[in-house]
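Throughout, protein chains are lettered first and strands after them, A, B, ... in sequence-line order, and every chain is numbered starting at 1.
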Amino acid sequence: MTRPSQRLLRPAARLTGIGGRLGILAGVVQAMIGHRIPDWSGNKGSHVGLGLLTVALSATALIAARTLRNPAVRAEALAAITLGLVALALLCSTTVGRLWAIPGALLFAAAGITLAACGWTRFRTIVAANWLRGLLGLLGAFELLMAVAAGPPTTIAAGLVAGGALVVPAIISKPSRRTTVTVLVAATLPFVALTWWTIVTPLLSVVALAVGLAATRHSARSAHAVAELEPQPVG
Amino acid sequence: MTILTNLSRSDGGPSRDPAVDTPAGKAGPMTRRSMLHHVGVGVATVVVAGIGVGSYRVFDNGVLETGHGNAYDAWANWRNDPTPLGAVAAAILAANPHNTQPWIFHVTADSIQLFADPSRRTGTLDVRDREHHIGLGCALENLVLALTSRGYLANVTLLPDPSDPTHVATAGLAAGAREVSPLYDVIGDRHSNRGPYTEKAVPIEVTDSLGAVAAGLEGAGVRWFTTPSERAALGALIIAATEAIVNDEEQSKDSFAWFRSSRDDVDTHMDGLTLDVQGLTPLVLAAAKILPATSRAAGDNFWLDQTRTVHTATAAAYGVITVSNPDDPAQRLIGGRLLQRIHLAATVHGLALQHMNQVTERVDRDASLDRPSSFASGMDALLDQPDQHALSTFRIGHPVRAGRLSPRRPVNQVTR
């Protein structure tokens, strides 16, 4: 007999995979003919950029689906996938309009099932222990969101680098203080220099630096708490 | 056993660190350090959430893509098409009232016909269609410049069909000498600049050369207001007219109807006045886009304040296009052509120009209500030119910052 969590992971993986593929399709449609079907595509000014962003983000759902098919998947991964799928479903609802209706619904459903597979208590513990890293990743997502709606290619590139740089310390298990500061400052500075007048980007960088440093200091204790969730040696 | 199954062993176990929640939420006694930690994390969460809202507004309202996207493609592509249809691409970049783009073009083998689009009127703000026709005249001028640069004679017939008042002009496509005017070259650089101008004066030789472009446009002229006393008098009349418009609810509503406060509105309509073209500093512009949209009353107050403190206060000179009969559509079209030429010539000289038609908007509003207009008599007195009346007013000067692009509907949306 299949264990409950295993039984849940299969439909979660299937829904995530289908949602991701349909999301990629929606992104391709947006990029290619989004301007011709404004009622469906959300009537976006930068339909090509937003379409390509949707493709890239939807591709991460395929990676998540693959991870969910692994029977030895860790609870931390399940928690991350749950949050990632919710973020993806919300974010792409702003990039491709109504084209996201079905992929979005599938990814929301997949997130719910993945959460059930993880277990609410475990999910809460993992989220609490990694809260600051999560905030840092969230700031990275905000940076990416602004970057894809930017104008000149140089600004877009600087924004993508900055957003990516914020995500890296969030997913590396134990980044050093020096690495965190170096990565955050070096990577976000060009975007800030190009867009300082928005107020949001410099503020985001300052907050990211503070959260990144706090997350670095906190990571040792967090690892300790999460370690309690890991399998215990038999005997 | 799988890891997932084993994980359940730790559920409900105690945490060794009070700073983090235990799996079952059974934290130890709250210490000052853990309390501070929780407060810090809470504050960080709220700040990040606030940044999230700000980031979304930056994304959603196009703060970082000013002048980019489908609504602005017309400014980048206007020279690409060497055919007569390409001349239409130049024509749609013309100055026009409230960026209503009140035109429709019909391209045939031997002519391009220009029609007015009555659905794109500004109601009580331009109750007698004065600006409507001026805008069409501006488009006609760009069309002629673009056609002659493509080797067409572009002989113009105004109002060719008496039975159809919306058919305002026809430009012939007979072959002629190819003439690329310097005015044609700056069609894509011409923008209304509502920002502040520097204190640098506009030399008399420059205003003379701007006025000289009227050659060939019979019946229309330009009266310059360059001395401090002249500028002060006309500026005061413009401020008074602006106050009158703001206090006239119908005019205020009809004006606000063409304001596009969000990027979605811009992308949907590709017309109207936007925050981008208000002449704001980058910082103020970004804040205006990130904050919620303003109300009509707030917008009116802002406009009146800008008219007082920026537009009239920093005008280096005013120009008034004059004709003998401002109610005659043909004279309005000719005056519109002159206005567009002057704007293009000012662009060649590196000067900024802003159209300021509040006085004539009030003149026509008063006339439509059959009441005497202090603005009509006031403007006539300032002009001091017998048998000539004001058609359209503008200010010029050296810009503090460049004008920004306004959205434009593409050629395929304005041709039939």
key: Derivation and outcome, side chain to side chain contact (heavy atoms under 4.5 Å, CB included), residues Q278(B) and F302(B)   = CA-CA 10 Å; Q278(B) 299 305 315; F302(B) 169 79; 4.2 Å; yes

message = Looking at chain A, which one of T66(B), T268(B), D73(B), V266(B) has the largest number of heavy-atom pairs inside 4.5 Å, strictly under?
response = T268(B)

ask   = With only heavy atoms counted, which part of I290(B) is less than 4.5 Å from chain A, the side chain, the backbone, both or neither?
value = side chain

note = Checked T201(A), V148(A), V207(A), L194(A) vs chain B; the most non-hydrogen pairs under 4.5 Å come from V207(A)

query = Less than 4.5 Å apart, any side-chain heavy atom of L64(B) and any of F191(A)?
reply = yes

key: Top contributor to chain A interface from V284(B), V48(B), V58(B) [non-hydrogen pairs under 4.5 Å]   = V48(B)

remark   = Minimal heavy-atom distance between P410(B) and M270(B), with the atoms involved, is CD-SD, 3.5 Å

key: side chain to side chain contact (heavy atoms under 4.5 Å, CB included) between R409(B) and I92(B), worked out   = CA-CA 8 Å; R409(B) 293 177 299 153; I92(B) 63 170; over 6 Å; no

task = Select, from V200(A), L145(A), I156(A), T198(A), the one with the greatest count of heavy-atom pairs under 4.5 Å involving chain B.
result = L145(A)

remark   = Of all heavy-atom pairs linking L204(A) and M146(A), the shortest is CD1-CE, 3.8 Å

query = Is it the backbone or the side chain of V47(B) that comes under 4.5 Å from a heavy atom of chain A, or both, or neither?
reply = side chain

ask   = Given a strict heavy-atom distance threshold of 4.5 Å, which part of L138(A) is in contact with chain B: side chain, backbone, both, or neither?
value = side chain

inquiry  = Is the distance between the ring centroids of Y72(B) and W75(B) under 6.0 Å?
reply    = no

task = Could you tell me which portion of T45(B) (side chain, backbone, both or neither) has an atom closer than 4.5 angstrom to a non-hydrogen atom of chain A?
result = both

Option that, when pairs with chain B are counted at under 4.5 Å, heavy atom only, ranks first among G42(A), A150(A), A147(A), A210(A) = A150(A)

query = Is the shortest heavy-atom distance from the side chain of L9(A) to the side chain of L78(A) under 4.5 Å?
reply = yes

